[in-house]
**Q** 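First the structure, which I've put down as structure tokens, then a few questions once you've had a look.
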Amino acid sequence: MDSLIAFSAPQALHALPDLPPPSMIRTLENRFYYLDNFHRVLEWISERYGALLTHDEHAFIVRFTALAQPSRALLVRMVMRKGELFRASKLRYDEIGCTREAAQALVQLGWIDDRPLLTLEQAFALLTKMEIAQAFRLPNPHARKAELLEALQVDFPEARPFEAWHPGAGDCVYQVQVNALCDRLKLIFFGNCRQDWSEFVLSDLGIYMYEKVAFSASSLAFRTRADVDTCLHLHQCGERFEQGEQAADILRDLPGALDNDWLERRRQKLLFRIAQHYERNAALSEALAIYSACRFPEARLRTIRVLERCGQIPEAFALAGAASREPESEAESQQLSRILPRLQRRLGLPKTAPRPAHPVARIDLVLPRPDTDFSVEALAGTHLAQPDAPLRYVENTLINSLFGLLCWQAIFAAVPGAFFHPFHVGPADLHSADFQWRREREFAHCLAQLDSGQYIDTINRHFADKAGIQSPFVFWDILDEELKDMALACIPAAHLKKWFERILKDIPSNRAGFPDLIQFWPADKRYRMIEVKGPGDRLQDNQLRWLDYCVEHGMPVAVCYVQWTQERT
């Protein structure tokens, strides 16, 4: 094994690859794969959510299935593309045949409009620059489209059909009228607005593989129609906020407290983001009003900070004291240990001595700074690696992956409401406070294997049987067999158990913060983990918490501080 491998930064836990090019997609044997996928969604929804569908949604499903295949395929092609306006000449698909013939039935149903009124801006988006020059007889056709549009807007304020904008094009434009309805059906299927039709393509091509989970009748994303409408409304509010709409307008449109726990978490998260916006813009009274009523993690801590900024020191101190007695997380406790002494000083109270952190071993390296782009972790790793002590860059990937492999059955247990479609990377309640409690027996069984020694067989079996299947914990691009075997040989089971227990205690926070490097001494069956910091770089809070935890439980960790010499390599 090379002494230093894999120094590219690991992918995000839920990073998505780019869609394959159209030429690759066309290699699928079934030319109507996209239509079959759409039918799968309609059948799934009809069977599981039939009672939640509106009259229009039911009617759409019935009428869609009765259409001829070319018409169905054309509609799905347009629905799955971006936007709602398409030129007929650009909708060329061999398996569909004549686009205009396939569109006739869709026009009759009112699902597409073949003579929509287009603004000048919409017409420009559909025309090439050469067509624009021809249609408007422009003297300077070489200007940018944006400049041409700006110059013509005053003279053409009204909307017109496409043929009125460019009579010589010999083309027509279709405007899809059922995008909103299809988006609702997609939402009902996925239970979120993040995933889309590309999931089917990526799965069919084998780019993504998903764990097969047994779905019970109770495994539903939505229980009532109100849940569907509220979920969509929250998503739209979030999009409006991201696009810069006034926070006050978003707040007026947000619903009150919701009975549905996971929808309420989404509402609380949006409220927290709005409060952050107010705080950043020094609208402290507005921020305080939202933070103080918000139940999203960190809201209480932000309330304390805003109270302090507002000069309400006694109120900030009282809330900080209550929080310190029952902290919601290690992160909050860590922050409070810094805030409380400051508040005590401002109130003239004796300062409480903070709990001293456990001392962490230190490595100091002075290295020549390279001329080219470099990774400080790679440089430090190259210097520290030895033939009998290989070293890998793993950061958050290794321990999370071993946890994910050992606890695979618990993570993918068919708990009601955790899985409700075939494309789950992980359970829907992964970040819920009761995630472990709902699977207490399953996780207890998995972690008990660390006491019996059975964990090695389980991890090896899942590494082989589940290879490539999406998981919220396993980094298949980083965890090769050599790394896995060396980790299992050199890391004591007791250390793994402590790490895994802490991950479960607070998954959103504790999946990150692990040291950058791990070094193995195979002959001695030992290891150490090393966090690397370049000049001027500081340890982050989650890193400090992990380092303190590791030292407290006797795990070998160190922080390597790199400084540069004057010379360059």
**Q** Hey, which of Glu279, Gln276, Glu286, Arg300 is the one that makes side-chain hydrogen bond (donor to acceptor under 3.5 Å, both in side chains) with Tyr291?
**A**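 Answer to the side-chain hydrogen bond (donor to acceptor under 3.5 Å, both in side chains) test with Tyr291 among Glu279, Gln276, Glu286, Arg300: Glu279.
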**Q** Should we say atom CD of Glu121 is surrounded by more than 12 heavy atoms from elsewhere, each under 6.0 Å from it?
**A**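 Atom CD in Glu121 is not packed in, count stays at 12 or less.
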**Q** Aromatic rings Trp546 and Tyr549: how do their planes relate, parallel, tilted or perpendicular, breaks at 30° and 60°?
**A**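 Correct class here is perpendicular.
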**Q** From the options Glu199, His424, His421, select the one residue that forms a side chain to side chain contact (heavy atoms under 4.5 Å, CB included) with Tyr210.
**A**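 Only one of Glu199, His424, His421 forms a side chain to side chain contact (heavy atoms under 4.5 Å, CB included) with Tyr210, namely Glu199.
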**Q** Parallel, tilted or perpendicular: which fits the ring planes of His462 and Trp408, with parallel below 30° and perpendicular above 60°?
**A**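 Ring orientation of His462 relative to Trp408: tilted.
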**Q** Would you please classify the geometry between the Phe189 ring and the Trp44 ring as parallel, tilted or perpendicular, with 30° and 60° separating the classes?
**A**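 Perpendicular: the ring planes of Trp44 and Phe189 meet at over 60°.
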**Q** What are the two closest heavy atoms between Phe500 and Ile399, and how far apart are they?
**A**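 Minimum heavy-atom contact is CE2-O, 3.6 Å.
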**Q** One thing to verify: whether Glu308 and Arg305 come together as a salt bridge, which I'm taking to mean a side-chain N less than 4.0 angstrom from a carboxylate O.
**A**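 No.
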**Q** Taking the six-membered ring of Phe241 (Phe, Tyr or Trp), confirm whether the NZ or CZ of Arg273 is under 6.0 Å from its centre and within 45° of its axis.
**A**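 No; the conditions do not both hold, so Arg273 does not lie above the ring face of Phe241.
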**Q** What I want to find out is whether Arg545 reaches Asp548 closely enough, with some N-O distance under 4.0 Å, to be called a salt bridge.
**A**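 No, this pair does not count.
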**Q** Would you say that more than 12 heavy atoms from the other residues, nucleotides or ligands in this model lie under 6.0 Å from the CZ of Arg538, or not?
**A**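 No - once you tally the heavy atoms of other residues, nucleotides and ligands closer than 6.0 Å, there are 12 at most.
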**Q** Can Arg369 be said to sit on top of Phe374's aromatic six-ring, NZ or CZ under 6.0 Å from centre and within 45° of the ring axis?
**A**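 That pair does not qualify as a cation-pi contact.
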**Q** How about Glu150: does its CD atom have over 12 heavy atoms from other parts shown lying under 6.0 Å from it?
**A**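 No, because the 6.0 Å sphere around CD of Glu150 holds 12 heavy atoms or fewer from other groups.
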**Q** So Phe403 and Phe443, would you call those rings parallel, tilted or perpendicular, with 30° and 60° as cut-offs?
**A**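 Ring orientation, 0 to 90° scale: parallel.
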**Q** Angle class for the Tyr527/His495 ring planes (parallel below 30°, perpendicular above 60°, tilted otherwise)?
**A**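 Geometry flag for His495 against Tyr527: perpendicular rings.
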**Q** Report yes if some heavy atom in the side chain of Ile250 is under 4.5 Å from a heavy atom in the side chain of Ile274; otherwise report no.
**A**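 Answer yes - side chains close enough.
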**Q** Flag yes if more than 12 heavy atoms outside Asp259 fall under 6.0 Å of its CG atom; otherwise flag no.
**A**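 Check fails, neighbour count at 12 or below.
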**Q** So that I can tick it off, tell me whether Arg439 and Asp429 are bridged by a salt bridge, with the cut-off set at under 4.0 angstrom between side-chain N and carboxylate O.
**A**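 Answer for the salt bridge query: yes.
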**Q** Can you name the nearest heavy-atom pair linking Cys231 to Gly191, along with the distance?
**A**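 Closest heavy-atom pair between Cys231 and Gly191: SG-O, 4.4 Å.
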**Q** For Val360 versus Ala558, what's the shortest heavy-atom pair and its separation?
**A**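 Of all heavy-atom pairs spanning Val360 and Ala558, the closest is CG1-CA, 4.1 Å.
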**Q** How about CD on Gln268, more than 12 heavy atoms from neighbouring residues, nucleotides or ligands closer than 6.0 Å, or not?
**A**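 Yes, enclosed.
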**Q** Flag yes if more than 12 heavy atoms outside Lys269 fall under 6.0 Å of its NZ atom; otherwise flag no.
**A**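 Count not over threshold, so no.
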